[in-house]
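Let me begin by presenting the structure, written as structure tokens, before commenting on it.
Because the structure is a prediction, the values reported are computed rather than measured. Hydrogens, waters and symmetry mates play no part in the numbers below; they use all other heavy atoms, side chains included.
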Amino acid sequence: MLRPVVSSVDEQLDAVDFYYVDVDQSGDLAQQFGVQSIPTLILIKDGEESSRSVGFIPEEQVTEFAQS
């Protein structure tokens with residue numbers, strides 16, 4: 001499960017904010033961002049999607065993703 005990994009990275013990085021979205025409860029938002037698989041990480045910079053990761057990734061890669 002990716003949530004504990006992301007929570008750990010969130011505690012380490014002050015410059016990045018992480019948000020969790022329950023796609024069952026927020027289907028419109030998931031559709032707006034084209035989320036088709038869970039888990040999906042979307043990095044948004046200056047209001048625009050700058051990167052996306054689909055599937056489980058280890059903590060080191062989540063950190064790299066968040067800082068990219």
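Legend: residues meeting side-chain contact (heavy atoms from CB on, under 4.5 Å) with Y20, ordered by chain and number and at least two apart, are R3, V6, S7.
Grouping the Ile, Leu, Val, Met, Phe, Trp and Tyr side chains by contacts below 4.5 angstrom, directly or via other members, places F56 with F18.
Listed by first and then second residue, the salt bridge (charged side-chain N to carboxylate O under 4.0 Å, His left out) pairs involving residues 51-67 are E49-R52 (not counting sequence neighbours).
Using a 4.5 Å heavy-atom threshold, the side chains of I57 and V5 count as separate.
Shown here for L13 and A66, the closest heavy-atom pair between the two residues is CD1-CB, 3.8 Å.
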Side-chain donor-acceptor pairs under 3.5 Å in residues 24-45, sequence neighbours left out?
{"from": "T40", "atom 1": "OG1", "to": "S37", "atom 2": "O", "distance (Å)": "2.4"}
{"from": "K45", "atom 1": "NZ", "to": "S68", "atom 2": "O", "distance (Å)": "2.1"}

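Residues near V54 contribute nothing to a hydrophobic cluster around it, because no ILVMFWY side-chain heavy atom sits closer than 4.5 Å to its side chain.
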